[in-house]
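As structure tokens, the structure follows; a few thoughts come after it.
Throughout, residue positions are numbered sequentially from 1 according to the sequence presented. On a predicted model such as this, the values are computed, not experimentally measured, just so you know.
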Amino acid sequence: MKKIVIAPDSFKGNLTSLEVAVCIEKGIRRVLPDVTCVRVPVADGGEGTVQSLIDAVGGKLVRKRVKGPAGQAVTAGYGWLQGKKTAVIEMAEASGLPLVEGRSKNPLKTTTYGTGQLMVDALDRGAEKIIIGIGGSATNDGGVGMAQALGVRFLGTNGREIKMPGCGGMLARIQSIDASGLDARVSTTEILVACDVENPLYGKKGAAHVFGPQKGATPKMVAVLDANLKHLGRLIRRDLKKNVVRMPGAGAAGGLGAGLFAFAGATLKSGVDIVLKTIELDKYLKGADLVITGEGRVDFQTAFGKTPSGVAKAAKKQRVPVVAIGGALSDDAHNVYDHGIDGIASAAAKDMLLEEALRDARPHLENVAERVIRMILIGKKMAEKNYRRKARRKSAKLQ
């Protein structure tokens with residue numbers, strides 16, 4: 001082997017994707033000290049995406065004071081990829097569940113206004129593209145708060161603007177939408193939303209019913225939130241001529257998926273596809289003999305929208321074999337073989353407590369990478385031996 005591409009996701013709450021890649025490379029070099037290793041940190045649009053893209057493409061973390069989900073001031077960070085004039089925002093930084101606790105955990109009152117403020121700051125920096133990951137929200141406002149920060153006005157009785165930040169409980173007060181004040185730069189900026197859920201805006205599979213309870217909604221609150229999102233959807237169709245009611249992904253992040261599409265003209269796409277295109281993984285795969293990817297736990301869900309499946313899909317186009325390393329493997333992990341992943345391996349070589357696995361993650365990753373390469377080389381030797389045997393038989397028949 002001459003070239004190995006190392007393209008893992010982060011091991012959530014433990015190691016960044018770059019740190020994982022560094023450990024894997026160390027293990028590889030125990031066996032193949034002269035091989036070319038190309039480290040490509042990857043993510044799927046969720047937690048860790050900002051850091052992965054900064055590490056992969058080059059950039060910096062920008063910090064901004066914004067309005068948090070409960071109205072409090074918070075410091076939120078986002079990635080700025082200078083060479084690409086691209087901002088990478090994780091909405092949870094400004095409007096996420098970790099920012100609310102106790103009585104503040106109330107989706108009737110939480111807002112995405114801070115997420116909109118991050119978007120404005122990115123536009124002020126000259127962003128030509130904004131990538132937004134919308135996982136982990138504390139909100140259910142249909143993106144109304146975000147839209148307000150961008151200049152959209154929501155009018156109530158007698159055409160008066162509703163001044164309070166948009167939140168799930170105030171949507172019923174909106175009688176019309178005035179988008180004439182929308183920041184003009186939005187229309188000339190490509191906005192991509194990393195969204196891997198297909199929930200509609202409202203209904204039994206909608207934002208309030210599926211995600212509301214984890215944000216603190218009682219059954220009574222869920223009913224109110226659901227009705228309010230339905231009302232908002234109808235207003236968007238009437239005033240903005242956009243139909244978000246049954247749009248797949250509209251219910252993501254408490255309806256922020258719908259809001260970003262309706263108010264900012266955003267496109268919802270698979271998170272890992274957005275990331276892989278941004279880091280230009282295809283160019284790194286050229287001439288590679290092997291790709292090693294991975295994530296904290298490899299299971300059947302790995303095959304659907306997760307980093308290893310996205311990497312495998314790209315690798316297959318160039319006929320490069322793929323091995324996925326997990327901090328752990330589930331019993332159903334073997335099902336990923338049907339989705340482009342050729343081999344799997346666990347960093348845990350023995351039964352251990354989670355605390356031990358996390359504490360010693362680096363040496364475990366180095367060791368499993370070494371094991372993977374040694375097994376591949378054994379297979380290569382067996383294939384070469386079989387080839388020589390067949391060649392001798394063929395030669396003997398010709399004599």
Side-chain angles (χ1 to χ4, degrees), residues 9-10 12-13 43-50 67-72 74 76 89-115 132-146 165-172 193-230 232-233 244 247-260 268 270-271 295-297 299-302 304-306 330 354:
D9 201 336
S10 62
K12 302 295 188 294
D44 60 11
E47 179 187 348
T49 296
V50 168
K67 189 183 295 293
Q72 78 280 33
V74 300
I89 297 171
E90 293 177 21
M91 72 85 63
E93 278 282 308
S95 314
L97 269 175
L99 300 175
V100 295
E101 55 184 37
R103 293 183 179 180
S104 296
K105 193 177 182 181
N106 182 344
L108 287 171
K109 297 180 179 180
T110 48
T111 181
T112 56
Y113 193 91
T115 296
I132 306 179
I134 58 174
S137 82
T139 57
N140 210 97
D141 69 352
V144 166
M146 173 275 303
C167 57
M170 61 77 78
L171 302 183
V193 181
C195 178
D196 290 292
V197 303
E198 298 188 350
N199 301 76
L201 185 60
Y202 64 86
K204 293 301 181 182
K205 295 183 179 180
H209 281 280
V210 176
F211 305 112
Q214 69 192 39
K215 302 173 185 181
T218 64
K220 184 177 180 179
M221 291 165 64
V222 166
V224 172
L225 291 167
D226 189 63
N228 287 0
L229 287 175
K230 184 176 182 179
L232 177 65
V244 298
M247 184 183 81
L256 182 59
L260 284 164
L268 278 63
S270 162
E295 61 179 348
R297 178 181 176 84
D299 55 28
F300 185 50
Q301 292 301 314
T302 296
F304 302 99
K306 298 294 187 71
S330 70
L354 177 60

Could you work out, with side chain to side chain contact (heavy atoms under 4.5 Å, CB included) as the rule, every residue matching [X], not counting sequence neighbours?
{"X": "Met247", "value": "Ala250, Phe261, Leu268"}
{"X": "Val222", "value": "Ala208, His209, Pro213, Ala217"}
{"X": "Thr218", "value": "Lys220, Met221"}

Which atom of [X] lies closest to which atom of [Y], heavy atoms considered:
{"X": "Leu99", "Y": "Ala92", "result": "CD1-O, 3.8 Å"}
{"X": "Ala94", "Y": "Gly114", "result": "CB-C, 3.6 Å"}
{"X": "Val193", "Y": "Leu260", "result": "CG2-CD1, 3.6 Å"}
{"X": "Gly68", "Y": "Val74", "result": "CA-CG2, 3.8 Å"}

Distance from Ile132 atom CD1 to Cys195 atom SG, nearest 0.5 Å? 11.5 Å
Might you work through the side-chain contact (heavy atoms from CB on, under 4.5 Å) test for Lys230 and Leu201, ending with a clear yes or no? CA-CA 7 Å; Lys230 184 176 182 179; Leu201 185 60; over 6 Å; no
Side chain to side chain, [X] and [Y], heavy atoms closer than 4.5 Å:
{"X": "Asp9", "Y": "Lys306", "result": "no"}
{"X": "Leu171", "Y": "Leu229", "result": "yes"}
{"X": "Thr139", "Y": "Leu256", "result": "no"}

Working for side-chain contact (heavy atoms from CB on, under 4.5 Å), residues Met170 and Leu108: CA-CA 8 Å; Met170 61 77 78; Leu108 287 171; over 6 Å; no
Tell me whether [X] contacts the main-chain N or O of [Y] through its side chain, where contact means a donor paired with an acceptor under 3.5 Å.
{"X": "Thr110", "Y": "Ala138", "result": "yes"}
{"X": "Asp141", "Y": "Thr111", "result": "no"}
{"X": "Glu295", "Y": "Ser10", "result": "no"}
{"X": "Asn140", "Y": "Pro107", "result": "no"}
{"X": "Gln72", "Y": "Lys67", "result": "no"}

Do the side-chain N and O atoms of Thr115 and Ser95 include a donor-acceptor pair separated by under 3.5 angstrom?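 Indeed, the side chains of Thr115 and Ser95 share at least one donor-acceptor pair under 3.5 Å.
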With no hydrogens and no angle check, do the side chains of Lys215 and Ser137 hold a donor and an acceptor under 3.5 Å apart? yes
Under the rule for salt bridge (Lys or Arg N to Asp or Glu O under 4.0 Å), what residues qualify as partners of Asp299, not counting sequence neighbours? Arg297
Just jot down the salt bridge (Lys or Arg N to Asp or Glu O under 4.0 Å) partners of Lys205, sequence neighbours excluded, or say none.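 If we apply the salt bridge (Lys or Arg N to Asp or Glu O under 4.0 Å) test to Lys205, skipping adjacent residues, there are no hits.
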Within 6.0 angstrom of Glu101 CD, more than 12 heavy atoms from elsewhere: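 Open: at most 12 neighbouring heavy atoms sit under 6.0 Å from CD of Glu101.
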Test ring pair (Phe, Tyr, Trp, His ring centres under 6.0 Å) applied to Phe304 - qualifying residues, sequence neighbours left out: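 For Phe304, the residues satisfying ring pair (Phe, Tyr, Trp, His ring centres under 6.0 Å) (neighbours in sequence not counted) are Phe300, His339.
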Would Asn199 and Phe211 count as a side-chain contact (heavy atoms from CB on, under 4.5 Å) here? Give the steps. CA-CA 10 Å; Asn199 301 76; Phe211 305 112; 3.6 Å; yes
